Structures are given as structure tokens and as C-alpha cells.
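Here is the structure we will look at, set down as C-alpha cells.
The shown structure was predicted, so the numbers you read here are calculated from the model rather than taken from an experiment. Keep in mind that the numbers below use all heavy atoms, side chains included, and drop hydrogens, waters and symmetry copies. Whatever order the structure lists them in is the order used to number ligands and atoms, beginning at 1.
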Amino acid sequence: MRVLVAGASGQLAHADRRTWLGHELFLPEESVLDLSKREAILSVVNEVRPQVLINCAAYTQVDRCESEGDLAHLINATAVGWLAEACEAQGAMLIQISTDYVFDGTGTRPYREDDPTNPVSVYGRTKLAGEQQAARCSRHLIARTSWLYDAWGKNFLNTMVNAANQGRALRVVADQRGAPTTCRALARQLKVAAEEGWQGLVHATCQGETTWHGFAQAIFEAKGMAVDLSPCTTADYPTPATRPAYSVLDGSRRTALGTDLMPHWHEALLDVLRDPC
Ligand SMILES: NC(=O)c1ccc[n+]([C@@H]2O[C@H](COP(=O)([O-])OP(=O)(O)OC[C@H]3O[C@@H](n4cnc5c(N)ncnc54)[C@H](OP(=O)(O)O)[C@@H]3O)[C@@H](O)[C@H]2O)c1
């Protein structure tokens, strides 16, 4: 398959690199496939002529989105419309990555794909607008994921381990529930989804659920690190953007669509720690 990946320097794109071995994979640098420029998108897609385009690029700094709404909207929504336009012209399939932050977090059971959305942050609103833009391509898959991390990249796992290595006492929020998801598991799932021709909207997170505090505990336990870790509440650490208190996503549509490869989040964590590269 000819696969074009946008957002080459990000953590999910790095996992794509490992996952699509043996395929024709194109990962242009951000300066070449710059999502803020419609002409750059049309020109690269026209040149590469991909069968599948995976959009791993996004304005992902959730707090900064609150003060940089225009830029966040350009990258997370408007540019996705340009990608959809370019894919449509090539008959390519567009895989758009979306987020659990499209929900407000007041739910009490895992969110299904058809549950009403109600983002409570600029980031969530722009990503939801991005879903609508992606759906303009006749062949599209919108995969909502959550709490992404892996051995590489800027993420919760690496932040926790670095902070603990500095001997710091850590307070981590224990009142937000979600599903930590590894980039490698998501990348593998998206590859199978592309091969099996999945279409529409699907939830793609690791299975099970925990809190950020529970996730931190599991990391330190698995690494055998003795860390001064204690729980705190979201209210103890106010941030510019509001996060959903509960954003577990139901994965049953995934199972109905085809091969479900998403592991339990704890098993996925152990896999990352066992095989970090
Ligand atoms: N991280 C999470 O917890 C999480 C949760 C749910 C959903 N998601 C979604 O999953 C996808 C992948 O996220 P990730 O964690 O891999 O994010 P990431 O590591 O922040 O990667 C995003 C990439 O997009 C690039 N980018 C930003 N503006 C761009 C532009 N104008 N043109 C081209 N590239 C641009 C960024 O480059 P710079 O670094 O140079 O800005 C970065 O390399 C995103 O759609 C994100 O919204 C992430």
C-alpha cells in the first residue's frame, strides 16, 4: 500500500514508521507537508498519490489551544478539510485521529460513537470540527483515541519517569478517568483497519480504564521505582483548559467492524517497558 503520513515528527507517526514496514510509506517533514498551507497539502498528495493518508498532525497542546484558538482551528479543523479535499481527488482513504476530549466527561459509562458530543475545551471543539471536515472525504475513517503515549515522545510516561528520576515527590490527579493508549497499539490497529477497509467513526483506545494517578502507580510499580506519589484532585491544579472527568470510550463498534487488536492498557504498558525502542 502507498501510505502518506502527516505530522511526521509526532509520537504516533513514529509508531507508524515501525508498523508499516514493507509498505511504501511517505513521512514528509512538517516544512514540506505543512498543514497550515492548503497548496502544500494539495501538492504533496498529488505527488505521492497515496492510497491511504493517515493524519497524525495536530495542534495537541491542550492548554495553549485556549489562547491560540485560531491556530488550533486552522490545524485541527480547516487543514483536515484540505486533506479531505486532496484525498477525494485521489480516491484515497483519509484516516483522521480524533480524541476523547470531544465529550464533556459527565458520562457514567463508556461513551459510544453515537453519544452526543459536547467538548469543554478549545482543543476538543477544534478536533470535533476536524471530524466533520474529515467526513467530507467519501472514504474516511475517524478514530477517536485517548491518553496517547509510548516509549518515545513527549507524554505522561516520560514526564513521570523523568520527574521521579529527579527524586521529586509527585502529586497526580486521581479524579479523571480514561484509558491510556500506546501509539504502537493504535498504529497496529489503524493498519489493520486500513487493510480491512473500515469506514466511518470508531473508538480506538486500549481496553480498561484508570486515573492518571492509577496510571502513574502502574508505571512505577512495573519499573520497580520507589516514588513518593500521592493523589490530588483536578481542583488542586487548575489548568487553562478544562479536561473531561470521565472519558472512557466504548470499543464495541471496533469489534463489530473487524479485527480488534487493542490490548488492555496495563498489558500495553508492560509491552512498552519491555520493548522501548
Ligand atoms: N496525545 C494524546 O494524548 C492524544 C489523545 C487523543 C487524541 N490524540 C490525537 O492523536 C493524534 C496524534 O497525536 P500525538 O500525540 O502523536 O501528537 P504529537 O506528538 O504532538 O504530534 C503531532 C504532530 O503534529 C505536528 N504539527 C503541528 N502543526 C503542524 C503543521 N502545521 N503541519 C504539519 N504538522 C504539524 C506537530 O509538530 P510540532 O511538534 O513541530 O508542532 C507534531 O509533530 C492527534 O490528532 C491528536 O489530536 C492525541
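- In summary, the atoms of ligand 1 found under 4.0 Å from a heavy atom of Asp34, numbered by their order in the structure, are 30 (C), 31 (N), 32 (N).
- For the atom pair CD1 of Ile75 and NE2 of His73, the computed distance is 11.5 Å after rounding to the nearest 0.5 Å.
- Below 30°, between 30° and 60°, or above 60°: for Trp265 and Phe215 the angle between ring planes is above 60°, a perpendicular geometry.
- For residues 111-127, the salt bridge (Lys or Arg N to Asp or Glu O under 4.0 Å) pairs, not counting sequence neighbours, are Arg109-Asp115.
- Only the backbone of Leu33 comes within contact range of ligand 1, with a heavy atom under 4.0 Å; no side-chain atom does.
- Inclusion of Ser98 in the set of residues having an N or O under 3.5 Å from an N or O of ligand 1 is not warranted.
- The single protein non-hydrogen atom nearest to atom 6 (C) of ligand 1 is Thr145 O, 3.4 Å, given as residue, atom name and distance.
- Residue Ser146 has no nitrogen or oxygen atom sitting less than 3.5 Å from a nitrogen or oxygen atom of ligand 1, judged on distance alone.
- Contacts between Lys127 and ligand 1 below 4.0 angstrom, taking non-hydrogen atoms only, involve the side chain exclusively.
- Between Tyr59 and ligand 1, not a single N/O pair is under 3.5 Å apart.
- Residue-ligand proximity: Cys56 is placed with a non-hydrogen atom under 4.0 Å from ligand 1.
- Contact annotation for Trp147 and ligand 1: only backbone heavy atoms (N, CA, C, O) come within less than 4.0 Å of the ligand.
- Listed here is the closest heavy atom pair of Pro180 and Cys206: O-CB, 3.2 Å.
- In this structure, the side chains of Gln207 and Asp260 come closer than 4.5 Å at one or more pairs of heavy atoms.
- Residue contacts with ligand 1: Asp100 is placed with no nitrogen or oxygen under 3.5 Å of a nitrogen or oxygen of the ligand (distance criterion only).
- With a 4.0 Å heavy-atom cut-off, ligand 1 is reached by no atom of Phe156.
- Both the backbone and the side chain of Leu12 come within 4.0 Å of ligand 1, judged by heavy-atom distances.
- No part of Ala13 comes within 4.0 Å of ligand 1, judged by heavy-atom distances.
- In the vicinity of Ile97, heavy-atom distances shorter than 4.0 Å reach the ligand 1 atoms 9 (C), 10 (O), 11 (C), 45 (O).
- Relative ring orientation between Trp212 and Phe156 is described as tilted, the plane-to-plane angle lying within the 30° to 60° band.
- Annotation: atom 17 (O) of ligand 1 to nearest protein heavy atom, Thr60 CG2, 3.5 Å.
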